[in-house]
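Hydrogens, waters and symmetry mates play no part in the numbers below; they use all other heavy atoms, side chains included. Every value quoted in this text rests on a predicted model; they were computed, and no experiment measured them.
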Amino acid sequence: MMLRDWNPSIKGLAIILAVILLSLTFDPVTPLLALAFTILFTFGLGRVPWRKWLLGFAPFLIMGFGYVWTALLFPRSADPAASAVLWQWGSFIVIEATFHQALSLGLRVLIFSALSLIFILTTDPVRFMLSLMQQCKLSPKWAYGILAGYRFLPFFKEELRILQHAHRMRGVERERGWKNKLRAWKRYAIPLLASAIRKSERVAAAMISKGFSGRRDRTYYTELRVTWKDWLLLALLLGGITLCYYLSWKLGYTQWYRGQL
């Protein structure tokens, strides 16, 4: 069973439990092991293109590095006598305890991001909404409303491109500077808002004509069920993270989170 076939509600539950489980520790080894396991889990069962994964992971990698650098520059406790000095350049001192805290903070960002990418890159939005309605009993009015808004986003992007081309054909040059771009967005806002209102009215009329009333006991063309394979993948993900905890504990690195931030 691949991650794309995993029931979205159970998948979301597994990701939330994994994040909660990893938030209990604050050492660099446990999230590092969990990150390696999560990457293997993603590419082994998700069939995710590595370029697409790197494109989504790169911003969090930069963010993680920023957290590490900030924690090193502004440590909570920078007493060299309390720990071994790893590096010193003038008044800038990096001690072992501060380095471990900074590395732990950066790795927490990376592991939480990697877990989120499992859900983002392997979950179809339509299946997710169907799962929320069928397994989590979300109101169809909310689910279909969110799904309709999600479907509108590509249309808005295309209409914005058409508006920009139309303005250039009428002699309006490309905007330079943030003030001119802000004024341009004001010109685009009213046509886009009018288009959104027209589309929402059409969708509402179409849903009413099809007999949509928002009742919870409605039938579905596609029915999603929770099987033993879904629970098996949940157990595999949480079991792998538990194994990372065990390896870190055996190596003597496990430290529980006690408000170090």
Quiz item: Side chains of Ile16 and Val19: closer than 4.5 Å at any heavy-atom pair?
Solution: no

Self-check item: Ring center gap for Phe112 and Phe60 short of 6.0 angstrom
Solution: no

Quiz item: So, the side chain of Tyr245 versus the backbone of Leu21: is there a donor-acceptor pair under 3.5 Å, distance only?
Solution: yes

Exercise. Flag yes if Met2 and Leu121 sit in one hydrophobic cluster, no otherwise; membership is Ile, Leu, Val, Met, Phe, Trp, Tyr, and two members link when side-chain heavy atoms are under 4.5 Å apart.
Key: yes

Quiz prompt | Atom pair CD1/OG of Ile10 and Ser131 - distance to nearest 0.5 Å | solution = 7.0 Å

Quiz item: Going from OG1 on Thr42 to CG on Leu3, what distance comes out if it is rounded to the nearest 0.5 angstrom?
Solution: 7.0 Å

Exercise. Measure the acute angle between the ring planes of Phe57 and Trp53, then classify it against the limits of 30° and 60° as parallel, tilted or perpendicular.
Key: parallel

Practice problem: Tell me whether Leu247 is reachable from Leu110 by hopping between hydrophobic residues (I, L, V, M, F, W, Y) whose side-chain heavy atoms are closer than 4.5 Å. | Solution: no

Quiz item: To the nearest 0.5 Å, how far apart are CD1 in Ile111 and OG in Ser23?
Solution: 12.0 Å

Self-check item: Closest approach of Phe43 to Trp50 (non-hydrogen atoms, all atoms of both residues)
Solution: CE2-CA, 3.5 Å

Practice problem: Before giving the answer on side chain to side chain contact (heavy atoms under 4.5 Å, CB included), spell out for Arg108 and Phe26 the whole-Å C-alpha distance, their side-chain angles and the decisive distance to 0.1 Å. | Solution: CA-CA 8 Å; Arg108 281 163 68 95; Phe26 198 80; 3.6 Å; yes

Practice problem: Answer yes if Ile39 and Leu33 sit in the same cluster of Ile, Leu, Val, Met, Phe, Trp and Tyr residues linked by side chain heavy atoms under 4.5 Å apart, and no otherwise. | Solution: no

Practice problem: Mind checking side-chain hydrogen bond (donor to acceptor under 3.5 Å, both in side chains) for Thr254 and listing every partner two or more places apart, or none if nothing turns up? | Solution: Ser248

Quiz item: Should Ile241 and Leu17 count as side-chain neighbours, where that means a heavy-atom distance under 4.5 Å?
Solution: no

Quiz prompt | Over all atoms of both residues, closest heavy-atom pair of Leu238 and Ala18 | solution = CD2-N, 3.8 Å

Quiz item: Hey, what do you get for CG (Leu233) to NZ (Lys11), rounding to the nearest 0.5 Å?
Solution: 9.0 Å

Quiz item: What are the two closest non-hydrogen atoms of Ala143 and Leu138, and how far apart are they?
Solution: CB-CD2, 3.9 Å

Quiz item: In this structure, which one of Gln134, Met133, Arg127, Gln135 forms a side chain to side chain contact (heavy atoms under 4.5 Å, CB included) with Ser9?
Solution: Gln135

Quiz prompt | Exceeds 12 heavy-atom contacts within 6.0 angstrom, atom OH of Tyr246 | solution = no

Quiz prompt | Contact check, side chains of Phe37 and Leu243, non-hydrogen atoms, under 4.5 Å | solution = no

Quiz item: Would one find more than 12 heavy atoms of other residues, nucleotides or ligands at under 6.0 Å from atom CD1 of Ile190?
Solution: no

Exercise. May I ask whether Leu105 and Tyr253 are part of the same hydrophobic cluster, defined by side-chain heavy atoms of I, L, V, M, F, W, Y residues being less than 4.5 angstrom apart, directly or through others?
Key: no

Quiz item: What are the two closest heavy atoms between Leu22 and Thr30, and how far apart are they?
Solution: CD2-CG2, 4.4 Å

Quiz item: Between Leu32 and Trp256, is there a shared hydrophobic cluster once you connect ILVMFWY residues whose side-chain heavy atoms come closer than 4.5 Å?
Solution: yes

Self-check item: Verdict with reasoning, Leu61 to Val109, per side chain to side chain contact (heavy atoms under 4.5 Å, CB included)
Solution: CA-CA 8 Å; Leu61 189 63; Val109 173; over 6 Å; no

Quiz prompt | Pair Leu107-Val29, side chain to side chain contact (heavy atoms under 4.5 Å, CB included): steps then yes or no | solution = CA-CA 9 Å; Leu107 288 171; Val29 176; over 6 Å; no

Practice problem: Look up atom CH2 in Trp142 and atom CG in Leu132, then write down how far apart they are to the nearest 0.5 Å. | Solution: 13.5 Å

Quiz prompt | Which atom of Pro8 lies closest to which atom of Thr123, heavy atoms considered | solution = CB-CG2, 4.1 Å

Exercise. Drop me the distance from Asp5's CG to Thr122's OG1, to the nearest 0.5 angstrom.
Key: 10.0 Å

Quiz item: Parallel under 30°, tilted from 30 to 60°, perpendicular over 60°: which one fits the rings of Phe41 and Trp6?
Solution: perpendicular

Quiz prompt | Arg51 atom CZ, over 12 foreign heavy atoms within 6.0 Å | solution = no

Quiz item: For the residue pair Asp230 and Arg225, what are the closest heavy atoms and their distance?
Solution: OD2-O, 3.5 Å

